[in-house]
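Each remark here refers to the structure printed beneath this line.
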Amino acid sequence: MRLRLVPQETNWDFFSRSRLWLGISAFMIVLALVSFGVRGLNYGIDFAGGTTIRTESAQPVDVGAYRAALAPLELGDVTITEVYDPTFGDDRNVASVAIQAQEGQESVTADTIAQVEAALTEVAPDIVFASVESVGPTVSGELIKTAILAVCLAIGAVLIYIWLRFEWQFAVGAVLALVHDVVLTLGVFSELGIRFDLSIIAALLTIVGYSLNDTVVVFDRVRENLRRFKNRPLKEVLNLSINGTLSRTFMTSLTTLMALIALFVLGGDVIRGFVFAMIWGIVVGTYSSIFAASATLLVLGVKRDWSKDEPQAGTQFGTPDA
Amino acid sequence: MLYIPLWRRILIWLTVAVGLFLAMPNFFYGRVEQSNDAEKAIEAGLSTEELAAQAAQWPSWLPDGLVNLGLDLRGGAHLLAEVNVADVYETRMDGLWPEVRDTLAAERDTLGFVTREDSAPDELKVRISEPEGAERALELARGLARPIATLSGAGASDIEVTADGPVLTIRLSEAERAATDDRTVRQSLEIIRRRIDEVGTREPSIQRQGDDRILIQVPGIGSAQELKDIIGTTAQLTFQPVVSRTSDPDEAAGMGNELVPALDEEGTYYILESAPVVTGEDLVDAQPGFDQNNRPAVTFRFNPAGARRFGDYTAANVGAPFAIVLDEEVISAPTINEAIRGGSGIITGNFTVESSTDLAVLLRAGALPAGLTFLEERTVGPELGQDSIDAGTVACIVAFAAVMVFMALSYGLFGLFANVALLVNIAMIFGLLSLIGGTLTLPGIAGIVLTIGMAVDANVLVFERIREEVKTARGPARAIELGYEKALSAIVDANITTLMTAIILYAMGSGPVRGFAITLGLGIVTSVFTAIFVTRLLIVTWFDRRRPKTIEV
């Protein structure tokens with residue numbers, strides 16, 4: 001007996017409540033934007049500039065004592081957080097000390113870092129500084145610009161590709177789904193206050209790629225079914241296509257999620273935020289390619305006479321062995 | 001119907017074999033690395049039995065390309081430095097001043113006295129005491145300009161001179177500035193490379209970024225600070241004429257002069273002429289040695305141009321002191337006993353054997369032409385990197401096992417075929433990474449784990465399609481064929497879009513993020529290859545042997 005995630009034959013109606021789904025998505029997006037606007041993102045040093053120091057010691061981390069030790073140095077905004085990971089033993093206590101960018105300095109000077117290290121060593125004599133990273137305001141400003149540009153470029157490239165391979169309605173649907181995923185991911189990061197750094201941008205772009213992957217598979221089937229069932233209403237064709245690809249959608253999302261969850265649990269705390277972003281992105285990406293992308297297609301409508309072979313739209317690839 | 005020509009079968013297996021072959025050294029990472037290092041040392045002329053034994057640990061006919069580990073995995077320091085290219089303008093202006101002074105002074109009758117005025121560091125302001133001579137002065141100063149070759153064509157010269165009454169302003173032309181900037185950055189890059197090489201750390205990466213930045217990554221170094229010390233932010237060697245000696249740090253140095261503290265004697269300052277006689281750039285060699293009294297010293301040799309200037313100066317100034325200045329500090333200020341011809345000399349001072357060796361190294365590597373501002377610095381300890389590798393490995397294995405079990409449960413025999421392809425896929429990612437000398441970073445490991453999850457996607461697309469076709473198609477062979485045929489456009493579209501984002505990430509990202517883009521991109525290419533070719537070949541081979549009447553996917 002084979003493992004089946006969804007019944008062999010499904011005939012679920014995904015669009016009887018299409019208004020509801022679009023409404024939920026719209027509501028979530030508004031919620032995410034409000035959270036983004038009110039709380040803002042917890043920018044890491046890549047984007048905000050400043051210094052983070054990762055400390056490790058056998059003694060438990062006493063955040064209060066660390067803070068007291070650093071107070072006389074007058075470094076402005078200093079954030080000290082204890083880092084917890086199930087793989088750490090009792091004698092491994094890790095903390096992360098974040099120091100804001102210092103006025104008028106390109107990056108935090110060696111003296112400042114030496115002072116911080118000396119002050120912390122007094123609190124915990126066995127302390128080790130596992131990593132020290134410092135980014136100046138010039139670079140962090142550029143990194144923000146590049147990051148935004150990268151995400152926009154990716155979305156733009158996708159828009160053009162889908163438009164060339166399908167029809168413009170598909171492209172709009174796919175891009176709306178992408179924007180939906182990116183905004184919801186930003187919303188989760190601002191709401192939970194997870195540190196937002198350069199690697200999260202990589203995660204965002206991967207989500208863009210993945211969500212698209214899903215959307216394209218559904219759209220590919222829609223295109224095929226539009227050719228086969230020329231007279232069926234669009235809504236039925238869409239339903240048929242989503243049901244037809246449902247099993248695959250679940251399989252792929254699940255294998256990817258399993259791999260990512262393994263990384264989330266076992267991969268260490270350094271990349272946990274990054275992996276979290278991807279897990280979240282895959283969940284919303286799967287949702288959006290079924291609901292947001294296809295519902296958009298239903299609202300926009302599609303040109304139906306696919307039977308006439310148009311070379312620029314809907315070109316099928318031949319098989320390599322044919 | 002399910003026919004794959006022999007040559008194609010051979011090509012597919014050959015590709016897989018090459019991939020596995022290239023990936024192999026990575027499974028013996030420590031041993032291969034040691035062997036490679038030993039071979040390099042032997043090539044460099046070192047030869048001991050121990051090295052030979054280490055080199056022999058890995059047969060030379062096997063591939064020895066390894067995946068480079070990024071700084072976040074290996075530990076080390078990362079520095080992004082901006083070269084303050086404008087520093088050089090100032091040096092150029094200071095260097096130009098004696099030339100301008102001498103040229104104008106030659107016509108004292110019409111121009112009067114020539115004095116240097118206070119000005120912005122990147123220009124030279126000269127006042128003449130006879131305003132009527134302004135036109136002539138302008139002409140003379142313009143005569144000092146040298147033509148430069150530019151891409152845009154002829155007609156450009158290196159300096160621009162303007163006159164405002166009796167005051168001449170000289171500055172570098174735009175074209176000359178651009179050329180100077182480029183030269184400065186390239187020179188800085190070369191000097192940094194040489195200094196880091198002198199210390200002998202392994203596999204440093206020193207690259208130019210953009211117009212005026214240099215990215216330095218050195219694995220295995222303790223901290224970014226250590227790296228900065230090696231690079232030496234402002235090591236500049238000059239030989240300057242001494243005007244006077246003083247103990248007052250606030251004494252006015254006067255126009256064209258500067259006040260420089262002595263290195264060894266606290267509270268002693270020298271007033272020096274700002275324009276150096278010779279600079280470290282003219283130095284061709286420096287070696288640690290001893291002076292007549294057997295105290296550690298550094299001997300040096302100038303190039304012919306430097307030797308001539310030094311010889312002329314010393315001949316004209318016997319009995320006067322001159323200063324050897326390093327990093328804005330006077331190392332020593334000996335008195336010139338006789339003209340020093342031949343271009344070699346000795347620096348004495350309060351050296352120990354060690355400090356004279358250090359200074360010689362520093363001088364040999366040359367001075368940085370301009371100061372550096374560090375924009376970004378990161379240090380990762382080796383333990384943290386090792387932890388990340390360990391955690392990443394465990395996560396990879398678990399992810400792998402989970403996905404494989406899941407695929408086998410879902411698709412039975414076909415799932416096993418997909419699993420074989422998945423193994424080949426991962427090996428090929430490593431093989432390709434080693435081949436192109438790609439760098440594996442922590443996000444890169446995440447990229448591999450993500451690939452494990454997503455690589456099965458192409459297979460899943462095909463298998464689901466075959467399942468559907470089994471219901472309607474005539475016979476299993478036709479179902480398999482149709483399954484591949486119909487799934488192909490979805491596979492291609494889906495992967496091209498993901499590949500586009502990987503390429504954008506690679507182009508826009510840096511460091512760890514770029515590492516992620518590499519593994520993601522390679523993973524897409526290999527997973528499409530393994531899904532369309534390898535799994536298919538496995539299925540077809542199996543089908544040919546068994547000829548089942550029905551298939552269950």
Side-chain angles (χ1 to χ4, degrees), chain A residues 2-3 54 87 106-107 110 128-136 138-139 146 149-150 153-154 157-158 161 165 198-199 201-202 205-206 208-210 212-213 216-217 220-221 244 247-248 251-252 254-260 262-263 266-268 270-271 274-275 278 316-317 319-322, chain B residues 4 80 223-225 228 373-381 383-384 387-388 391-392 394-395 398-399 402-403 406-407 409-412 442-443 446 449-450 452-454 456-457 460-461 464 468 484-485 488-490 492-494 496-498 500-502 504-505 508-509 512-513 516 520 532:
Chain A
R2 295 288 161 78
L3 185 67
R54 183 184 167 96
T87 58
E106 251 318 318
S107 64
V128 180
F129 303 97
S131 74
V132 180
E133 303 186 73
S134 191
V135 177
T138 318
V139 172
T146 334
L149 189 63
L153 259 182
V158 161
Y161 183 80
R165 292 279 294 145
L198 208 52
S199 66
I201 296 294
L205 283 178
T206 317
V208 167
Y210 183 89
L212 205 67
N213 198 324
V216 166
V217 169
D220 184 75
R221 189 60 76 93
S247 171
R248 173 267 160 194
M251 271 303 287
T252 302
L254 211 73
T255 51
T256 312
L257 275 181
M258 282 195 314
L260 285 176
L263 196 62
L266 303 165
V270 182
I271 51 168
F274 174 73
V275 178
M278 291 214 278
Q316 287 275 357
F317 279 92
T319 58
D321 294 326
Chain B
I4 300 179
L80 179 65
S223 74
Q225 187 52 42
K228 282 202 248 176
T373 309
F374 295 103
L375 303 178
E376 187 186 342
E377 45 184 284
R378 298 173 193 262
T379 310
V380 178
E383 297 85 10
L384 184 59
D387 287 350
S388 298
V394 172
V398 171
V403 169
F406 191 67
M407 285 298 282
L409 284 179
S410 299
Y411 297 112
L442 187 53
V449 173
L450 186 69
I452 295 175
M454 284 175 70
V456 292
D457 180 50
V460 168
L461 273 168
E464 291 290 334
E468 283 175 47
Y484 269 98
E485 212 168 278
L488 192 70
S489 80
V492 170
D493 277 341
I496 285 184
T497 45
T498 316
M500 285 197 307
T501 57
I504 290 172
L505 256 185
M508 314 285 291
V513 174
F516 174 75
L520 185 67
I532 308 189

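Scope of the values below: all heavy atoms of this structure, side chains included, with no hydrogens, waters or symmetry mates. Lettering of chains follows the sequences in order, A, B, ..., and the numbering in each one begins at 1.
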- Message: Just by distance, no angles: are the side chains of A:S134 and B:E377 close enough, under 3.5 Å, to form a donor-acceptor pair?
- Response: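 Judged by distance alone, the side chains do not pair up.
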Rounded to the nearest 0.5 Å, what separates atom [atom1] in [X] from atom [atom2] in [Y]?
X      : Y      : atom1 : atom2 : value
B:E468 : A:S247 : CD    : OG    : 8.5 Å
A:T256 : B:D457 : OG1   : CG    : 7.0 Å
B:M508 : A:L149 : CE    : CG    : 3.5 Å
A:L205 : B:M500 : CG    : CE    : 12.0 Å
A:L254 : B:F406 : CG    : CZ    : 4.0 Å
A:Y161 : B:T497 : OH    : OG1   : 7.0 Å

Side chain, backbone, both or neither: which part of [X] has a heavy atom under 4.5 Å from chain A?
X      : answer
B:L461 : both
B:V403 : both
B:E383 : neither

Heavy-atom pairs under 4.5 Å with chain B: which of [options] has the most?
options                        : value
A:M258, A:M251, A:R54          : A:M251
A:L260, A:T252, A:V270         : A:T252
A:V208, A:I201, A:T206, A:L257 : A:T206

Against chain A, work out which of [options] has the most heavy-atom pairs shorter than 4.5 Å and name it.
options                : answer
B:T501, B:I452, B:L384 : B:L384
B:T379, B:T498, B:I504 : B:T379
B:V449, B:V380, B:V394 : B:V449
B:L80, B:V456, B:L450  : B:L450

- Task: For residues A:G268 and B:A391, report the shortest heavy-atom separation together with the two atoms involved.
- Result: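 Residues A:G268 and B:A391, closest heavy atoms: N-CB, 3.9 Å.
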- Looking only at heavy atoms, what is the nearest atom pair of B:A490 and A:V216, with distance?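 What the structure gives for the nearest pair is O-CG1, 4.5 Å.
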- Query: Does a side-chain N-to-carboxylate-O contact under 4.0 Å join A:E133 and B:R378?
  - Reply: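 Salt bridge present between A:E133 and B:R378.
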- Message: List the residues meeting ring-ring contact (aromatic ring centres under 6.0 Å, His included) with A:F274, not counting sequence neighbours, and say none if there are none.
- Response: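 For A:F274 the ring-ring contact (aromatic ring centres under 6.0 Å, His included) partners, ignoring immediate neighbours, are B:F516.
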